[in-house]
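Working notes, structure below.
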Protein chains: 2
Amino acid sequence: MSVRKRDHLIAVAQRMFCETGFHAVSVDAIIDEAGVARMTLYKNFGSKEELIVETLRREDTMFRQWLVSAIEAHSSRSEDRILALFKAMHDRFATEGYCGCAFIRASIEYPAPNHVVHRAAREHKNMVRSYLRGLAAEVEGADPVALSEQLYLLFEGAITASQLHGDPWPAEYARQAAEKLLAAASLAPQPAAKRTKVHRAT
Amino acid sequence: MSVRKRDHLIAVAQRMFCETGFHAVSVDAIIDEAGVARMTLYKNFGSKEELIVETLRREDTMFRQWLVSAIEAHSSRSEDRILALFKAMHDRFATEGYCGCAFIRASIEYPAPNHVVHRAAREHKNMVRSYLRGLAAEVEGADPVALSEQLYLLFEGAITASQLHGDPWPAEYARQAAEKLLAAASLAPQPAAKRTKVHRAT
DNA sequence: AAACAGGTATACCGAGTAGTATATTTTTAA
DNA sequence: TTAAAAATATACTACTCGGTATACCTGTTT
């Protein structure tokens, strides 16, 4: 059954890439761990690079599911949903086997902006940004662009810091900071004419 | 002149590692670019790994100088100094040839927490955190630990996001967020007994 | 039974990897 | 000037890398 071997390969590669890195994990190591023949990998995916892209696609799907389950099970107040996200991040960071964000890793290991892997990472992060923008748009009195981008920076910072320091504490501080940003937004709604200038997104 | 070749090798390797990655840059590529013989590298540094550690040492030195010049030339008010840091980050991100944080890259390419390269990255980041803590301690009415860690997350988030999106805009949003965190701290100084619990640093 | 498809095993390719050995030349300092 | 130190070129080891070629096996579907 082709599709099962294929999915298994993607799942195994996803875990290994995330644990050790894209460059550091060889095709040989993947087929060993997956228990399949070398040619099975190259018939299902033309190259290691294509396999990497497939693992990112799977990671993106799984992340969306996590995102929805982390947020939409909670109160319908956007402020509470946003804070629930950071609480869920803390749990995620503390999970056994969690090893950082595959997309940040991908963007760093493939730094060329037009590389297909780097591009996949950027597109995933843009999805996250637009999701946050949707949440921020429902916060009373807030500039949704500014608020969502600031929350996004806390999000990225927490991921990077937790991986670097090997501890989930950054998620808790990110939640505290988000709380303050939300409080500031609802306490001091800015007149539309005085909004800080918006920068272009990339 | 030994020390000159040695320094030259470190400088060349530092740039190449930062542009392309530690795994992706080979010893051959480094000696080609530096214009030295293969054995010159292996006599000055026992291995590629030792060369990597030396480039991180140099990066740390240069970063400290940048940090001081970005902050201490400005007003002695801590709030202004903190905001000056994020303004300087924007300039830094926009600088031709800037290619992200070598320490974040190092921690990702060498994910094992006890690896000498990962450890060097973590120690550098802890230096940054304690520097921020010193600044936050001078902000009236703020919990210095909470404030400095929250600023640190904005710092890391801005670096990661700017590299990922290939644009300096995250620094500007980080500055805006820092502004709000500072305003919240000075407007609502919390009684010492009610402080949020402090997490252990790693 | 025959044809087909997916998987496997094995051997192979050329290129690249980090690192070493050695003998020779260049540079520096006494 | 001479002796020590540093840098050189060249060749080499042993291994790993991504990727390919090919022959064979196994299960399913007509």
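Residue numbering restarts at 1 for every chain, and letters A, B, ... go by the order of the sequence lines. Both backbone and side-chain heavy atoms feed into the values below; hydrogens, waters and symmetry mates do not.
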Task: Flag for His23(A)-Glu109(A): side-chain donor and acceptor within less than 3.5 Å - done: yes

TODO: Nearest whole angstrom, please: distance from the P of dG18(D) to the NE2 of His23(B).
DONE: 12 Å

TODO: Report yes if a side-chain nitrogen or oxygen of Ser26(B) is closer than 4.0 Å to either non-bridging phosphate oxygen (OP1 or OP2) of dT17(C); otherwise report no.
DONE: yes

Task: d(CD1, Ile30(B); C1', dT17(C)) in whole Å - done: 12 Å

TODO: Look at the side chain of Arg38(A) against the base of dG18(D) and say whether a donor-acceptor pair falls under 3.5 Å; ignore hydrogens and angles.
DONE: yes

TODO: Please report, rounded to the nearest Å, how far the C1' atom of dG18(D) is from the CD atom of Glu50(A).
DONE: 13 Å

Open item on the list: Both Met39(A) and Val27(A) contact DNA chain D. Which one's nearest nucleotide lies toward the 5' end?
Closed with: Val27(A)

Open item on the list: So that I can tick it off, tell me whether Arg15(A) and Glu33(A) are bridged by a salt bridge, with the cut-off set at under 4.0 angstrom between side-chain N and carboxylate O.
Closed with: yes

Open item on the list: From CG of Asp32(A) over to P of dT16(D), roughly how many Å is that when rounded to an integer?
Closed with: 12 Å

Task: Nearest listed nucleotide, side chain of Tyr42(B), among dA9(D), dG19(C), dT10(C) - done: dG19(C)

Task: Given DNA chain C, 5'-ward residue of the pair Lys48(B) and Lys43(B), judged by closest heavy atom - done: Lys48(B)

Task: Salt bridge present between Arg6(A) and Glu54(A) (N-O < 4.0 angstrom) - done: yes

- [ ] Round to the nearest Å and state the distance from Phe45(A) atom CZ to dT20(D) atom P.
- [x] 15 Å

Open item on the list: I need the CG-C1' distance between Asp28(B) and dA18(C), as an integer number of Å.
Closed with: 9 Å

Open item on the list: Measuring to OP1 and OP2 of dA18(C), would you say a side-chain N or O of Ser47(B) lies under 4.0 angstrom away?
Closed with: no

Task: For atom CG of Leu41(A) and atom C1' of dT8(C), their distance in whole Å - done: 14 Å

- [ ] To the nearest Å, give me how far apart CD1 (Ile52(B)) and P (dT17(C)) are.
- [x] 14 Å

Open item on the list: So, does Lys5(B) get its side chain near the phosphate of dT8(D), meaning an N or O under 4.0 Å from OP1 or OP2?
Closed with: yes

Task: Distance in Å, Leu147(B) CG paired with Leu132(B) CG, rounded so as to fall on 0.5 Å steps - done: 9.0 Å

Task: From OG1 (Thr55(A)) to CE (Met16(A)), nearest 0.5 Å - done: 12.0 Å

- [ ] Tell me which nucleotide among dG7(C), dA21(D), dT22(C) gets nearest to the side chain of Thr40(A).
- [x] dG7(C)

Task: Asn44(A), nearest nucleotide to its side chain (from dA18(C), dT8(D), dG7(C)) - done: dG7(C)

Task: 5' priority, DNA chain D, between Val36(B) and Gly46(A) [closest heavy atom] - done: Val36(B)

